Amino acid sequence: MAYYALVPAAGTGLRMEQTTPKQYLPLAGQPLIWHALRALCSSTVIDRVFVVLAAEDAYWPDQAMANLGPRLHLLRCGGRTRAQSVLNGLRGMALMLGDIAEDWVLVHDAARPCLSGALLEKLVSNVGEDAVGGLLAVPVADTLKRAGALPGKPDDAANRSIGTVPREGLWQAQTPQMFRHGLLLQALSQIDNSRDNTPGNAPTVTDEASAVEALGLAPRLVASSMSNIKVTYPSDLQLAETILNDFQR
Ligand SMILES: Nc1ccn([C@@H]2O[C@H](COP(=O)(O)OP(=O)(O)OP(=O)(O)O)[C@@H](O)[C@H]2O)c(=O)n1
Ligand SMILES: C[C@](O)(CO)[C@H](O)COP(=O)(O)O
């Protein structure tokens with residue numbers, strides 16, 4: 001049984017409001033993506049690490065990545081959505097490795113630089129014998145508000161609370177999300193990946209677990225840490241640096 005990591009890194013980071021894709025922004029002395037790759041490449045559990053880049057990616061810093069070792073493989077097959085990038089990556093892995101349907105694939109966002117070895121090992125130990133697969137996640141601890149405008153009051157809808165969403169049973173999904181290659185390939189292949197991130201045309205699925213749930217299966221939720229943040233908005237970069245520096249990843 002092999003364990004492979006697949007790192008979608010073909011996004012443009014629009015919400016970071018930078019010209020450089022966020023996975024290549026400097027963070028604690030390295031490109032942001034380096035930190036997630038170091039956690040995966042230094043794990044004794046992971047056999048190989050595949051990174052999905054945009055076909056036209058001209059940012060990949062060969063020199064900075066050289067110290068990550070020989071288990072790192074680039075797949076220049078990014079798609080218009082994260083789901084498409086992951087699906088293309090799964091196909092690329094099979095072309096390289098042959099029949100890996102029963103092997104595990106841990107999909108981890110390049111934009112999550114603070115993954116610790118302990119959380120990675122916790123996921124694998126909790127899910128490695130599971131019939132479906134699973135993901136790191138954290139139970140929602142805050143009260144959740146729905147933004148909008150009250151009927152007949154076209155107020156500043158973006159910043160108005162028009163209701164509260166019950167948080168019982170709600171978890172915030174993170175990555176890695178861990179599924180057998182064959183199951184995940186089947187699940188994502190059945191999703192309509194023609195939709196993209198343009199306003200009003202949100203992608204059908206935003207994580208691997210959604211596609212597996214659409215098969216009628218229930219992935220295992222493994223309690224994670226709020227330190228495993230996704231760098232999405234400009235303020236997240238400083239938070240990630242604090243986590244990396246203070247938690248001695
Ligand atoms: N077409 C895409 C879109 C996203 N990703 C990757 O999926 C991860 C999580 O996606 P997100 O945080 O949304 O990154 P971006 O899509 O780059 O950000 P934004 O939505 O702000 O543009 C990132 O590592 C990103 O590089 C990808 O491989 N291919
Ligand atoms: C996969 C993920 O990180 C789980 O929370 C999230 O869905 C990615 O969303 P994004 O909009 O592609 O960053």
Side-chain angles (χ1 to χ4, degrees), residues 5-25 27 31-37 39-40 49-60 74-93 105-115 119 123 133-140 170-179 184 187-188 191 193-214 219 221-237 239-240:
L6 179 60
V7 179
T12 55
L14 291 175
R15 289 171 284 181
M16 280 299 284
E17 301 169 0
Q18 298 280 328
T19 53
T20 304
K22 65 182 177 184
Q23 56 271 34
Y24 297 114
L25 293 175
L27 174 65
L32 188 151
I33 188 175
W34 181 90
H35 296 279
L37 296 180
L40 296 166
V49 179
F50 293 86
V51 188
V52 178
L53 301 180
E56 70 283 359
D57 182 311
Y59 293 92
W60 176 263
L74 300 188
L75 299 173
R76 291 183 176 273
C77 60
R80 284 185 308 120
T81 65
R82 181 184 177 284
Q84 189 63 59
S85 294
V86 172
L87 179 56
N88 293 348
L90 292 171
R91 290 167 173 159
M93 290 171 67
V105 178
L106 288 79
V107 182
H108 183 61
D109 296 327
R112 289 185 187 269
C114 302
L115 175 67
L119 280 176
L123 176 67
L135 62 148
L136 290 179
V138 287
V140 169
L170 294 186
W171 291 52
Q172 287 176 259
Q174 298 179 347
T175 66
Q177 303 199 6
M178 175 178 166
F179 298 98
L184 190 52
L188 287 173
I191 294 295
N193 285 304
S194 63
R195 298 162 71 93
D196 59 22
N197 279 320
T198 53
N201 190 36
T204 311
V205 291
T206 54
D207 74 343
E208 289 64 56
S210 306
V212 173
E213 292 154 14
L221 293 163
V222 178
S224 182
S225 162
M226 292 298 279
S227 65
N228 185 26
I229 66 165
K230 180 162 65 74
V231 174
T232 306
Y233 301 103
S235 60
D236 297 331
L237 214 51
L239 177 56

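Note that these values count all heavy atoms, side chains included, but never hydrogens, waters or copies made by symmetry. Atoms within a ligand are numbered from 1 in the order they appear, just like the ligands themselves. Note that the structure is predicted; figures quoted are calculated from it, not measured.
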His108 NE2 to Leu115 CG distance, which is reported to the nearest 0.5 Å: 4.5 Å
Ligand 1 atoms in contact with Arg80 (distance to a heavy atom under 4.0 Å): 1 (N)
Name of the residue among Val222, Asn228, Leu123 meeting side chain to side chain contact (heavy atoms under 4.5 Å, CB included) with Gln174: Asn228
Contact (N/O only, under 3.5 Å) between Ala10 and ligand 1: yes
Residue Ala111 vicinity, atoms of ligand 1 by number, heavy atom under 4.0 Å: 24 (O)
Donor-acceptor contact below 3.5 Å, side chain Gln23 vs main chain Ala110: no
Ligand 2 N/O within reach of Asp109 N/O, cut-off under 3.5 Å: yes
Nearest-option assignment for atom 10 (O) of ligand 1, heavy atoms, candidates Glu17, Gln23, Met16, Arg82: Arg82
Option set Thr206, Leu135, Thr232, criterion heavy-atom distance to atom 1 (C) of ligand 2, minimum: Thr206
Proximity of Pro8 to ligand 1 by residue part, where a heavy atom lies under 4.0 Å: both
Proximal ligand 2 atoms for Arg15, defined as those under 4.0 Å from one of its heavy atoms: 10 (P), 11 (O), 13 (O)
For Ser85, atoms of ligand 1 separated by under 4.0 Å from a heavy atom: 1 (N), 2 (C), 27 (C), 28 (O), 29 (N)
Sub-3.5 Å N/O-N/O distance, Thr232 and ligand 1: no
Side chain to side chain contact (heavy atoms under 4.5 Å, CB included) between Leu136 and Met178, intermediate numbers included: CA-CA 9 Å; Leu136 290 179; Met178 175 178 166; over 6 Å; no
From CA spacing to verdict: side chain to side chain contact (heavy atoms under 4.5 Å, CB included), Leu237, Met16: CA-CA 9 Å; Leu237 214 51; Met16 280 299 284; 4.2 Å; yes
Atom indices of ligand 1, in the order listed, that fall short of 4.0 Å to a heavy atom of Gly79: 1 (N), 2 (C)
Gly13 N/O to ligand 1 N/O under 3.5 Å: yes
Nearest neighbour of atom 12 (O) of ligand 2 from the list Lys22, Arg82, Arg112, on a heavy-atom basis: Arg82
Nearest-0.5 Å distance, CG of residue Leu75 to CE of residue Met93: 8.0 Å
Backbone of Ala36 reached by a side-chain donor or acceptor of Arg112 within 3.5 Å: no
Shortest reach to atom 16 (O) of ligand 1 by a heavy atom, considering only Ala83, Gly11, Gly89: Gly11
Parallel, tilted or perpendicular: ring planes of Tyr24 versus Tyr59, cut at 30 and 60 degrees: parallel
Distance (rounded to the nearest 0.5 Å) between Leu106 CG and Leu6 CG: 10.0 Å
Enumerated ligand 1 atoms positioned under 4.0 Å from heavy atoms of Lys230: 12 (O)
Close-contact set for ligand 2 against Asp207 heavy atoms, below 4.0 Å: 1 (C)
Ser225/Val138 under side chain to side chain contact (heavy atoms under 4.5 Å, CB included): CA gap, chis, key distance, verdict: CA-CA 7 Å; Ser225 162; Val138 287; 5.7 Å; no
Asp109 CG to Ile33 CD1 distance, which is reported to the nearest 0.5 Å: 10.5 Å
Spacing of NE2 belonging to His35 relative to CG belonging to Leu27, to within rounding of 0.5 Å: 4.0 Å
Between Ser85 and Asn88: side-chain donor-acceptor atoms closer than 3.5 Å: no
Under 3.5 Å: N/O of Asp109 near N/O of ligand 1: no
Within reach of ligand 1, part of Gln84 (heavy-atom separation under 4.0 Å): neither
Lys230: numbered ligand 2 atoms lying under 4.0 Å from its heavy atoms: 3 (O), 8 (C), 9 (O), 10 (P), 13 (O)
Val52 near ligand 1 by a heavy-atom separation under 4.0 Å: no
Ligand 1 versus Thr81: contacting region, heavy-atom distance under 4.0 Å: backbone
For Leu14, atoms of ligand 1 separated by under 4.0 Å from a heavy atom: 19 (P), 21 (O), 22 (O)
